[in-house]
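In what follows, every chain begins at residue 1, and chains take the letters A, B, ... in the order their sequences are listed.
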Amino acid sequence: MAGGALPGFRDFYPHEFAQRAHIFRAWREVARRYAFSEYDGPPLEPLDLYTKKSGDEIVGQLYNFKDKGDRDVALRPEMTPTFARMVGARANALRKPVRWFSIPQLFRYERAQRGRLREHFQLNVDIVGEASELADAELLCVAIDIMKELDLGPADVRARVSDRLLLNALLAAIGVASEQVPVVFSVIDKIDRVSAAATEEKLAETGLNPSQIARIVGLTARQTLDSLKREFGTDGALGERFAVLDRYLAHLTALGVDDWIDLDLRIVRGLAYYTGIVFELFDAKGELRAICGGGRYDTLLESLGGANLPALGFGMGDVVLGELLKERGLLTVPEGSGADLFIVGGNGVLQHGIAHALRLASILRDAGLSVDYSLNAEVYQTRASRNQVDSAKKSGARAAIYFDNETDVVVQGLIGKLNDAPKMSFPAVPLLANTPHAVAVLKNWYELNLTGSATGAPSLTPDA
RNA sequence: GUGACUGUAGCUCAAUUGGUUAGAGCACCGGUCUGUGGCACCGGGGGUUGCGGGUUCAAUCCCCGUCAGUCACCCCA
């Protein structure tokens, strides 16, 4: 459609914004439970923050330009360099381990596809200053707990875990030379998207013999540490790495998330900078792109000019996650304003002037309730009250409030069938006099009867 | 950046092998029902058929271009 947002960019109408807010809420809530602190940085950064480490070819995927001061700048395509700079600048002053998270909007100039836009929000969760595998377990547990918070279970989402150091040790045991390792990693990364013949050819090109190739391909099918131990033994560096992973998995079991996890040595992550345990979260059906990916990058902070500190983190975008939630019917949000109370006038209820409604609205708003009403005084006073109730209901208001007679105002719940919804009369005179007790009684009744799941209030789960 | 497919109302879709004024449901707006409806009924606003050319007496339909979307590559922070 002409006149829409730029390609790969999204307009968030209130409905979409509510969906986004639902995801953000889960992110922040779980991060809070794990005692992470939120931070942010600039959306516009010096171009060389990204080219220094990744080389000039990354410019093709950046929104970059010269600003009016002739500086080369770019919209941030990822958070890690900013994070590294911020941590590096205060590395000595920060209490370790650093547990930080952020929800930046990131930009990349490339052709949009499903689950891959030119702009997205990405939860970044990072831990700095702790080399123990317990930190790795904690990090993955955060990602999994977010899935739980969004009502996804281990049948919906799988966490695939690997370890670059283990893979290195296994490849060494197979006889792969260190200069061959990057090629092997790249082949393993693509093994599902490339034919077996092409995989073998690529490996053969690097000088590996058929027996080595067979063992490498065999690695990508292994499911358990035990089978690897049987094949390769537990001596030396390999054995030490097995021990680390055994402890890592034991921690995850103790944290209660072991049924989400699959060992999968195919997960190497495209990025060269990962140095240890890595993981990705996928939908269990394997239809979508990765929901989340991360791992340990113990050398990255130093190479980005920061401190020499061990670190690990993950990124989780809102796009694929949103697709998955929509597919599972877990992203339904209430329509409309969701006002607490909608003041109804018109024939059918006591004819009061609009001033009474405004007075009531003002008092209730001061008490912290959200209040809506017709913004046309003539409509308020003349339109049939039942039509106004209809409008109130459609607007998403939880309850209508109207002057029933000279002495009472009535609060009528609007959720579900009207005759099943809670309804209560309150004395009008003390309310309009803003008597604290009268207002508190109404508010308490509202909160007890019209909020929370017990009343069938709008929830984020589909209607039965 | 490469290739394939698809573009009709806010949404989901119609429209006879190319043929009058492009329709319907939902949504939206207004009204009727003096009171229970997750109604019902009546009415209304909404479209340069993505855009621009071409072929034709005539184009939503055929052709070309362009833009956008989807998918596969590329890339994946």
Evaluate A:Leu150 against A:Leu324 for side-chain contact (heavy atoms from CB on, under 4.5 Å), listing each step before the verdict. CA-CA 11 Å; A:Leu150 292 165; A:Leu324 176 62; over 6 Å; no
Given [options], identify the nucleotide with an atom nearest to the side chain of [X].
| X | options | value |
| --- | --- | --- |
| A:Ala112 | B:C75, B:G35, B:U70 | B:U70 |
| A:Pro7 | B:A68, B:U36, B:C75 | B:A68 |
| A:Lys394 | B:G35, B:C75, B:C28 | B:C28 |
| A:Lys393 | B:G38, B:C76, B:G31 | B:G38 |
| A:Lys423 | B:A68, B:U36, B:G31 | B:U36 |

Spell out yes or no: do the side chain of [X] and the base of [N] have one donor N/O and one acceptor N/O closer than 3.5 Å?
| X | N | answer |
| --- | --- | --- |
| A:Tyr109 | B:G1 | no |
| A:Arg116 | B:C75 | yes |
| A:Arg108 | B:C75 | no |

Reckon A:Gly313 touches a base, only the sugar-phosphate, or nothing at all at heavy-atom distances under 4.0 Å? nothing
What does A:Asn387 touch in the nucleic acid at a heavy-atom separation under 4.0 angstrom: a base, only the sugar-phosphate, or nothing? base
Nearest-angstrom distance, [atom1] atom, [N] to [M]:
| N | M | atom1 | result |
| --- | --- | --- | --- |
| B:G10 | B:G47 | C1' | 12 Å |
| B:A9 | B:A22 | P | 14 Å |
| B:U16 | B:C73 | P | 37 Å |
| B:G69 | B:G30 | P | 35 Å |
| B:U60 | B:A15 | P | 15 Å |
| B:C64 | B:C26 | P | 39 Å |
| B:G7 | B:U48 | C1' | 16 Å |
| B:G50 | B:G45 | P | 23 Å |

My understanding is that only one of A:Asp264, A:Asp136, A:Leu140, A:Ile267 makes a side chain to side chain contact (heavy atoms under 4.5 Å, CB included) with A:Val161; could you say which? A:Leu140
Cationic N near anionic O, under 4.0 Å, A:Asp390 to A:Lys393: no
Charged N-O contact under 4.0 Å between A:Lys66 and A:Asp72: yes
Whom does [N] pair with, Watson-Crick or G-U wobble, provided both distances fall under 3.5 Å?
| N | answer |
| --- | --- |
| B:U8 | none |
| B:U55 | none |
| B:C61 | none |
| B:U49 | none |
| B:G3 | B:C71 |
| B:G35 | none |

In whole angstrom, what separates A:Glu16's CD from B:C11's C1'? 11 Å
Check: A:Phe426 ring centroid to A:Trp445 ring centroid under 6.0 Å: yes
Position toward the 5' end of RNA chain B (nearest nucleotide), A:Arg111 or A:Gln412: A:Arg111
Which one of A:Phe36, A:Tyr39, A:Tyr34 satisfies the ring pair (Phe, Tyr, Trp, His ring centres under 6.0 Å) criterion with A:Trp100? A:Tyr39
